[in-house]
There are 4 protein chains.
Amino acid sequence: MTIKCRKRDAERTKQQLLNAASEIFIDQGFDAARVDEIAKRAGVNKRLIYLYFGNKEVIYREVLKERLNHFMDSSRQYMDTDQPPKKQAEGLLRHFFYYLAGNPGFVRLLAWESLQRARADQSDLVPLIRAGLVDLSGCLQRGIEQGVFRPDLNPKQLLLSVVGLCLTYFQRRLLMSALWNMDVEDPQQQEEAFRHVLTLIFDGILAKPTGQPEESR
Amino acid sequence: MTIKCRKRDAERTKQQLLNAASEIFIDQGFDAARVDEIAKRAGVNKRLIYLYFGNKEVIYREVLKERLNHFMDSSRQYMDTDQPPKKQAEGLLRHFFYYLAGNPGFVRLLAWESLQRARADQSDLVPLIRAGLVDLSGCLQRGIEQGVFRPDLNPKQLLLSVVGLCLTYFQRRLLMSALWNMDVEDPQQQEEAFRHVLTLIFDGILAKPTGQPEESR
Amino acid sequence: MTIKCRKRDAERTKQQLLNAASEIFIDQGFDAARVDEIAKRAGVNKRLIYLYFGNKEVIYREVLKERLNHFMDSSRQYMDTDQPPKKQAEGLLRHFFYYLAGNPGFVRLLAWESLQRARADQSDLVPLIRAGLVDLSGCLQRGIEQGVFRPDLNPKQLLLSVVGLCLTYFQRRLLMSALWNMDVEDPQQQEEAFRHVLTLIFDGILAKPTGQPEESR
Amino acid sequence: MTIKCRKRDAERTKQQLLNAASEIFIDQGFDAARVDEIAKRAGVNKRLIYLYFGNKEVIYREVLKERLNHFMDSSRQYMDTDQPPKKQAEGLLRHFFYYLAGNPGFVRLLAWESLQRARADQSDLVPLIRAGLVDLSGCLQRGIEQGVFRPDLNPKQLLLSVVGLCLTYFQRRLLMSALWNMDVEDPQQQEEAFRHVLTLIFDGILAKPTGQPEESR
DNA sequence: GATGAATGAGAATTCATTCAT
DNA sequence: GATGAATGAATTCTCATTCAT
């Protein structure tokens with residue numbers, strides 16, 4: 001009975017389609033993705049895609065929105081306001097870094113999407129992205145204002161760089177493994193990478209306690 | 001004579017095809033690119049693509065190789081070996097940053113390609129990428145070995161981060177302009193961005209001369 | 001009681017379906033009509049079309065029959081047997097002309113149907129059409145027999161011509177409005193058109209009291 | 001050689017497609033016509049329809065234009081200006097009537113098209129139709145102005161009626177044969193029908209030399 | 001009596017590629 | 001060396017119809 005009930009559950013079917021579409025869009029991108037394959041993987045009739053979503057483009061955007069919402073939800077209220085800025089930033093960055101580590105599909109989806117110039121207005125996505133970064137953005141900005149972070153840094157630039165540094169680690173997995181046989185999936189290497197990013201961000205690459213003249217660095 | 005002419009024409013036609021293909025692959029990616037459109041933009045008969053290259057895949061890889069070679073050529077011998085490591089690195093990074101600024105198509109092409117898991121082995125591309133980064137890679141490594149750069153940094157990680165930081169600035173142009181109305185094309189903003197990247201890399205974000213206790217940072 | 005209610009509801013639903021189908025078939029023809037649209041316009045579930053009628057074809061024929069019956073009903077007993085043939089014919093034609101004027105959908109439906117060669121046998125429709133024209137047909141025939149109408153006229157031809165003349169006025173509305181900006185809906189123009197048809201039928205187009213030699217006409 | 005040449009003749013292929021499309025659109029109308037069937041009947045690959053025309057709609061309109069042009073061409077310069085109006089009109093009507101008789105597809109095509117309200121602007125067709133009727137239109141109008149035809153007739157109405165009378169005979173073939181088993185193809189019956197139409201137009205249906213009082217007619 | 005969910009067959013349209021010259 | 005014509009296999013999308021409740 002329950003099974004039969006489930007078998008006719010539109011919501012569930014829709015979700016199955018979204019899940020299947022998600023996998024395929026992440027894997028192959030919008031253009032190479034095949035509607036037939038999505039339906040097949042979802043185990044439902046192709047027609048339902050058009051019934052529930054309208055067309056390929058719409059289900060694609062729906063996938064995008066779902067993933068962005070998930071990111072946004074997971075990014076909310078992770079900031080410990082009792083901590084000093086550096087600790088705060090560190091926490092937020094850790095959360096962000098490990099969110100990407102745990103959601104490689106999200107990284108790919110963002111990458112595909114950011115390449116599609118033509119695909120009309122992303123106006124509806126921009127607020128979601130912004131919302132997902134609002135805490136980190138605020139934290140960095142406050143750090144600068146309070147003089148904890150260098151006052152000569154442009155907050156926007158900084159946010160971009162920090163986000164980019166994290167993304168880079170997961171976005172270039174192919175390149176990485178091709179060049180150096182690194183394994184992005186390995187937890188230990190992940191933690192090492194995260195520490196590296198933190199070090200870079202907070203301390204730069206120059207050796208700290210150095211008596212050498214600046215010029216010779 | 002006629003043969004030479006023909007040969008020259010053939011070369012010219014081939015180059016026209018490569019140029020047209022380049023633009024279109026950069027713009028739309030491999031999957032959305034249309035063979036017809038390439039031929040049309042090149043102003044030559046579609047059949048010639050198959051005559052000269054074989055198929056869509058081959059001309060795509062040809063474009064990729066051409067662009068990578070161009071990058072590699074431009075990256076060679078830019079290192080001033082008389083300079084201390086930091087200056088060297090700065091010079092190489094400047095060169096790299098501005099190469100990306102001047103070749104946005106190259107950035108996109110890399111991004112498309114790195115998303116295409118499925119596309120066979122990239123074995124023939126890896127050496128080219130590596131070659132383009134060899135100087136920078138060596139410079140960073142030497143800096144670490146010589147103790148100018150922090151000895152606790154993983155050289156591979158570092159290279160990736162540094163490259164990623166530069167790429168990030170050009171790869172997320174859409175996001176950037178969407179979020180903050182920044183203009184990536186503006187030379188002044190480019191230089192500012194480059195300085196920002198340099199600062200981040202060499203000095204990190206923490207305010208330098210600080211009497212505050214570490215914990216409160 | 002409940003049963004009656006249900007029965008009434010069923011009847012009502014069926015009629016709603018017929019009405020919706022009627023509008024849509026009239027507007028778009030059988031092939032372009034969409035079952036979904038019919039159900040939607042009727043405000044009932046699509047399934048009921050199949051429950052009540054069986055399939056698209058059946059509901060189409062049902063619509064056709066309903067419209068033909070309506071025409072037939074309205075055509076019956078309109079003949080004033082006390083009048084002489086010409087008056088009779090005039091009355092019947094007026095009735096016919098204004099029926100068409102008041103039921104433009106009927107005209108379209110006939111036109112669509114007459115174009116559908118393939119659509120099975122129309123055997124069930126023919127009697128209805130015949131019945132609707134039986135009075136006019138008889139009247140014309142009697143007029144010929146009685147010598148009031150020209151004896152050299154073929155009665156069947158004549159019926160066809162007379163019917164065609166009336167239909168023409170409503171069937172070519174698009175052409176008419178395109179060519180001359182005539183407004184078929186305007187009552188005054190309708191009456192004028194009807195008078196024109198009558199004149200043509202009874203008197204032809206040649207000027208009556210004419211001293212000119214036949215040849216020069 | 002010639003055969004091979006022909007096999008690669010784009011013009012010929014296009015014409016074959018037009019011919020096939022013509023037959024099928026005439027037979028089944030736009031909505032029921034199948035692109036596959038057109039290609040199959042033309043004996044060429046379906047793709048060529050899209051290559052040469054763009055889509056189904058375009059090839060449909062192309063067919064329409066071709067047929068209208070043919071009609072227009074055949075209608076030109078058929079008027080014998082030396083004849084008096086009645087003879088002129090008779091000649092033109094004969095030509096028109098027999099054109100329809102010889103081109104039943106044209107009649108059907110007009111009928112299908114005039115039912116398609118939705119199918120955008122027919123603006124490009126209107127001039128062709130008008131051109132095809134310009135001689136008849138002018139002749140009737142002159143006849144009225146010269147007093148040969150009744151001065152109380154509206155020229156536009158008249159043109160419509162006259163055209164409608166001819167069309168009627170061929171447009172209702174199904175109805176005709178259903179009702180009376182007439183054979184529209186039979187040349188003798190055609191000539192009889194034409195004479196009937198002429199009589200109706202020029203003399204009306206009332207018996208001419210009649211002593212009966214008008215009222216009893 | 002009524003309905004939302006689901007489907008298979010088939011529709012138009014597109015694409016990379018090859019043929020014939 | 002170059003080209004216009006042609007194609008088969010897919011691809012997105014649609015439609016009348018049935019299932020399960």
Side-chain angles (χ1 to χ4, degrees), chain A residues 1 4-5 7-14 31-39 43-57, chain B residues 2-3 5-14 31-39 44-52 54-57 59, chain C residues 2-3 5-14 31-39 44-52 54-57 59, chain D residues 1 4-14 31-39 43-52 54-57:
Chain A
M1 191 89 156
K4 278 189 179 175
C5 246
K7 219 179 173 192
R8 291 260 159 192
D9 184 346
E11 270 318 305
R12 196 167 144 272
T13 301
K14 206 173 164 180
D31 294 302
R34 295 295 162 235
V35 171
D36 280 278
E37 205 185 339
I38 293 173
V44 305
N45 188 283
K46 180 176 31 167
R47 186 71 233 289
L48 296 185
I49 293 178
Y50 295 93
L51 196 60
Y52 291 144
F53 299 97
N55 62 27
K56 188 182 172 185
E57 176 80 25
Chain B
T2 331
I3 292 165
C5 260
R6 280 197 175 179
K7 213 173 181 181
R8 198 169 299 147
D9 269 13
E11 269 320 303
R12 216 177 108 256
T13 302
K14 206 173 166 180
D31 294 303
R34 297 297 161 234
V35 172
D36 283 87
E37 208 186 337
I38 292 174
V44 307
N45 188 282
K46 177 171 44 164
R47 188 68 186 74
L48 295 186
I49 292 178
Y50 294 90
L51 194 61
Y52 290 146
N55 62 26
K56 188 183 172 184
E57 177 78 25
I59 193 175
Chain C
T2 332
I3 292 167
C5 262
R6 280 199 175 177
K7 213 173 181 180
R8 198 170 297 146
D9 268 15
E11 270 320 302
R12 215 177 109 258
T13 302
K14 204 173 167 182
D31 294 302
R34 297 296 162 233
V35 172
D36 283 86
E37 207 185 339
I38 292 174
V44 307
N45 189 281
K46 177 171 45 164
R47 188 67 186 74
L48 295 185
I49 293 177
Y50 294 91
L51 195 61
Y52 291 145
N55 63 26
K56 187 183 173 184
E57 177 79 25
I59 194 175
Chain D
M1 190 88 156
K4 279 190 177 175
C5 247
R6 278 207 169 175
K7 219 177 174 194
R8 291 259 158 193
D9 184 346
E11 270 317 305
R12 195 166 143 272
T13 301
K14 206 172 165 181
D31 295 301
R34 295 297 161 232
V35 170
D36 280 276
E37 207 185 337
I38 293 174
V44 305
N45 188 283
K46 181 175 30 166
R47 185 73 233 288
L48 295 185
I49 293 178
Y50 295 91
L51 196 61
Y52 291 144
N55 62 26
K56 189 181 171 185
E57 176 80 25

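Within every chain, numbering begins at 1; the chains are lettered A, B, ... in the order of the sequence lines, protein sequences first and strands thereafter.
Of the candidate nucleotides E:dT17, E:dA12, F:dG4, F:dG4 has the atom nearest to the side chain of B:Arg47. Of the candidate nucleotides E:dT17, F:dA2, E:dT14, F:dA2 has the atom lying nearest to any side-chain atom of B:Leu48.
No engagement by C:Ala39 is indicated, since no non-hydrogen atom pair under 4.0 Å with the nucleic acid exists. At a threshold of 4.0 angstrom between heavy atoms, the contacts of A:Asp36 include nucleobase atoms, whether or not backbone atoms are also involved. Note on C:Ala32: nothing from the nucleic acid sits closer than 4.0 angstrom, heavy atoms only.
Put simply, CD1 on B:Ile49 is 17 Å from P on F:dG1, counting in whole angstrom units. The CD1-P distance, from C:Ile59 to F:dT17, rounds to 11 Å in whole Å. Atom NZ of B:Lys56 is separated from atom P of E:dT14 by 15 Å (rounded to the nearest Å). If you take CD of C:Glu57 and C1' of F:dT17, they are 15 Å apart, rounded to a whole angstrom. Taking atom CZ on D:Arg12 and atom C1' on F:dA5, their separation rounds to 13 Å, with Å as the unit. Between D:Glu37 atom CD and E:dG10 atom P the separation is 14 Å, expressed in whole Å. One atom, OH of A:Tyr50, and another, C1' of E:dA6, lie 16 Å apart when rounded to the nearest Å. Nucleotide F:dA10 holds its C1' atom 14 Å from the CG atom of B:Asp31, rounded to whole Å.
The base of F:dT7 does not come close enough to the side chain of D:Lys46 for any donor and acceptor atom to sit less than 3.5 Å apart. Taking 3.5 Å as the limit, the base of E:dG4 and the side chain of C:Asn45 contain a donor-acceptor pair of atoms between them.
In this structure, the side chain of B:Arg34 engages the main chain of B:Asp31 through a donor-acceptor pair within 3.5 Å.
Two residues, A:Arg34 and B:Val44, neighbour DNA chain F, and the one matched to the more 5' nucleotide by heavy-atom proximity is B:Val44. Comparing B:Gly54 and D:Val35 against DNA chain E, the residue whose closest nucleotide sits nearer the 5' end is D:Val35. Residue A:Tyr52 is the one, among A:Tyr52 and D:Asn55, whose nearest nucleotide of DNA chain E lies closer to the 5' end (criterion: closest heavy atom).
One distance of note links CD1 of B:Ile38 with CG of B:Leu48; it measures 13.0 Å at 0.5 Å rounding. Of the inter-residue distances, the one linking A:Ile49 atom CD1 with A:Lys14 atom NZ reads 12.5 Å to the nearest 0.5 angstrom.
In plain terms, the two heavy atoms of C:Tyr52 and C:Thr13 that are nearest each other are CE1-CG2, 3.8 Å.
Remark: C:Lys56 pairs with no residue by the salt bridge (Lys or Arg N to Asp or Glu O under 4.0 Å) rule, at least two apart or across chains.
In this model, the phosphate group of F:dA6 is approached by a side-chain N or O of D:Thr13 to a distance below 4.0 Å at OP1 or OP2.
Residues C:Tyr50 and C:Val35 form a side-chain contact, since some pair of their non-hydrogen atoms from C-beta on lies under 4.5 Å apart.
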Go ahead and write out DNA chain E as dot-bracket, 5' to 3': ( ) for pairs within the strand, [ ] for ones crossing earlier pairs, | when the partner sits on another strand, dots for unpaired; Watson-Crick or G-U wobble, both distances under 3.5 Å. .||||||||||||||||||||

